[in-house]
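All values below come from the heavy atoms of this structure, side chains included, with hydrogens, waters and symmetry mates left out. Counting convention: from 1, in listed order, for ligands and their atoms alike. On a predicted model such as this, the values are computed, not experimentally measured, just so you know.
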Amino acid sequence: MRIYFDHAATTPVDAEVVNAMTEYFDKKFGNASSLHSFGMEAREALEKSREKVAKLINADSDEIIFTGSGTESDNLAIKGIAYRFGEGHIITSGIEHPAVMETCRYLEKKGFDVTYIPVDEYGSVMPDKVEAAIRKDTILISIMHANNEIGTIEPVEEIGKIARRHGILFHTDAVQSVGKIPVDVKKMNVDMLSISSHKIYGPKGVGALYVRRGVRLEPILHGGGHERGLRSSTENVAGIVGLAKACEIAMNRMEKDAAHLKKLRDKIIREVLNIEESYLTGHPSNRLPHHASFYFRGIEGESLILLLNQKGIAASTGSACSSKKLQASHVLLATGIKPEDAHGSLRVTLGRENTEEEVDYFLEVLPRIVEKLREISPLWRK
Ligand SMILES: *Cc1c(COP(=O)(O)O)cnc(C)c1O
């Protein structure tokens with residue numbers, strides 16, 4: 001038996017998505033730029049897909065740029081604005097995904113100024129702190145919609161209002177929230193929003209960037225001028241069709257899935273917190289419906305993941321990227337958790353295929369593993 005509880009890292013591709021993609025590999029394989037019927041077929045699929053992605057976030061289809069990933073969408077949004085202005089100040093948070101954080105770090109090396117807004121103990125970015133950081137030369141605010149490691153949903157609507165009021169462009173990384181909770185680019189007052197296909201039951205290596213009409217970006221890829229000149233590359237039609245199908249399915253199932261996932265999530269949170277010296281990370285209620293995250297004092301997250309894996313359960317510690325390094329997660333540290341505690345973190349992210357039986361099995365196995373690890377831990381004293 002194998003149980004997958006790591007949906008914030010990636011999701012299985014929905015069977016309907018696979019089905020929708022198939023004919024675009026062999027039968028309708030045309031290059032969307034070609035003038036013949038093969039090209040027209042591909043072009044048509046591309047434009048229909050654009051409409052479906054736009055619909056999920058209440059955008060217009062001409063505001064959607066297809067990219068090669070969530071990471072690329074983040075890079076295009078941030079570098080695209082930075083390169084257009086050539087200089088200036090960027091505001092972001094201290095808990096962003098590396099795709100945003102490392103892009104900002106890179107721009108700092110290139111002469112841009114960056115302010116990293118701190119978060120509170122729940123990982124929430126305070127809108128008034130964002131406002132206080134605004135300067136005359138601020139060109140962009142980039143704050144994520146929902147955090148991948150701790151599940152906290154950020155007050156993006158309010159931050160968007162502040163950005164508008166000051167006439168500053170606002171980007172949000174919504175890779176974790178799109179398809180899971182309502183995302184409406186108009187209500188959120190965003191100018192740019194990043195999406196990744198593989199976090200919502202679509203294929204890997206496909207993303208999208210919403211760019212509000214009138215917002216001008218410098219491209220980061222130059223070539224044939226695809227995607228309104230913003231992303232040259234022959235379009236990945238099959239992948240894009242997959243992303244669009246995944247968006248369509250997410251839209252139809254969102255409420256039902258969220259209710260199911262919340263129920264399982266709340267059971268996990270309730271039961272796990274019964275374990276001695278266990279703590280919830282992220283916001284207790286204002287969090288993604290499928291996301292539960294904790295730390296356990298006196299144990300190593302890596303060992304916990306390995307023992308859970310031996311029992312057939314796939315979960316994660318910190319983020320998938322930071323768990324390869326032995327550094328404590330920058331997100332957990334930003335919420336004020338001590339480094340030695342941050343090492344004992346566990347993230348359980350559920351998906352639509354998970355069942356209550358799987359959750360019950362996990363809840364039976366976990367306390368014994370934690371106990372076992374503490375018995376051999378030099379960090380754990382009774
Ligand atoms: C996964 C993730 C990304 C990166 O998306 P990829 O498509 O894997 O490049 C960016 N931001 C957040 C919040 C993510 O969870």
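Side-chain N or O atoms of Glu227 include one that pairs as donor or acceptor with a backbone N or O of Phe66 at under 3.5 Å. The main-chain N or O of His222 is never found under 3.5 Å from a side-chain atom of Ser232 such that the two would form a donor-acceptor pair. Formation of a donor-acceptor pair under 3.5 Å by the His89 side chain with backbone atoms of Asp113 is not found in this model.
Scanning the protein heavy atoms around atom 9 (O) of ligand 1, the nearest turns out to be Thr71 OG1, 2.6 Å. The protein atom (non-hydrogen) at minimum distance from atom 11 (N) of ligand 1 is Asp173 OD2, 2.6 Å. At the top of the distance list for atom 12 (C) of ligand 1, counting protein heavy atoms only, stands His97 CD2, 3.3 Å. If you check which protein heavy atom lies closest to atom 7 (O) of ligand 1, you get Ser196 OG, 2.6 Å.
For ligand 1, the atoms closer than 4.0 angstrom to any heavy atom of Gln176 are 13 (C), 14 (C), 15 (O). Of all atoms in ligand 1, listed by their number and element, those nearer than 4.0 Å to a heavy atom of Met144 are 13 (C). Atoms of ligand 1 found under 4.0 Å from any heavy atom of His198, numbered from 1 in the order shown, are 6 (P), 7 (O), 8 (O). Each of the atoms 13 (C), 15 (O) of ligand 1 lies under 4.0 Å from some heavy atom of Asn148. Against a heavy-atom cut-off of under 4.0 Å, Ser69 is close to the following atoms of ligand 1: 7 (O), 9 (O).
Donor-acceptor pairing under 3.5 Å is recorded for the side chains of Thr281 and Ser293. Side-chain contact of Thr152 with Asn147: a donor-acceptor pair under 3.5 Å is absent, judged by distance alone.
No part of Asn147 comes within 4.0 Å of ligand 1, judged by heavy-atom distances. Contact annotation for Val175 and ligand 1: only side-chain heavy atoms (C-beta onward) come within less than 4.0 Å of the ligand.
Put simply, CE on Met192 and CG on Leu217 are 5.5 Å apart, with the number rounded to the nearest 0.5 Å.
Remark: among candidates Lys204, His145, Lys199, Glu96, the nearest residue to atom 2 (C) of ligand 1 is Lys199, based on non-hydrogen atoms.
A cation-pi arrangement, defined by a distance under 6.0 Å to the six-membered ring centre and an angle within 45 degrees of its axis, is present between Arg105 and Tyr116. Cation-pi check for Arg352 over Tyr201 is met; the charged atom lies under 6.0 angstrom from the ring centroid and within 45 degrees of its normal.
Both Leu308 and Leu350 are assigned to one and the same hydrophobic cluster, defined by single-linkage of ILVMFWY side chains at heavy-atom distances under 4.5 Å.
Between Gly70 and ligand 1, an N or O atom pair is found at a separation short of 3.5 Å.
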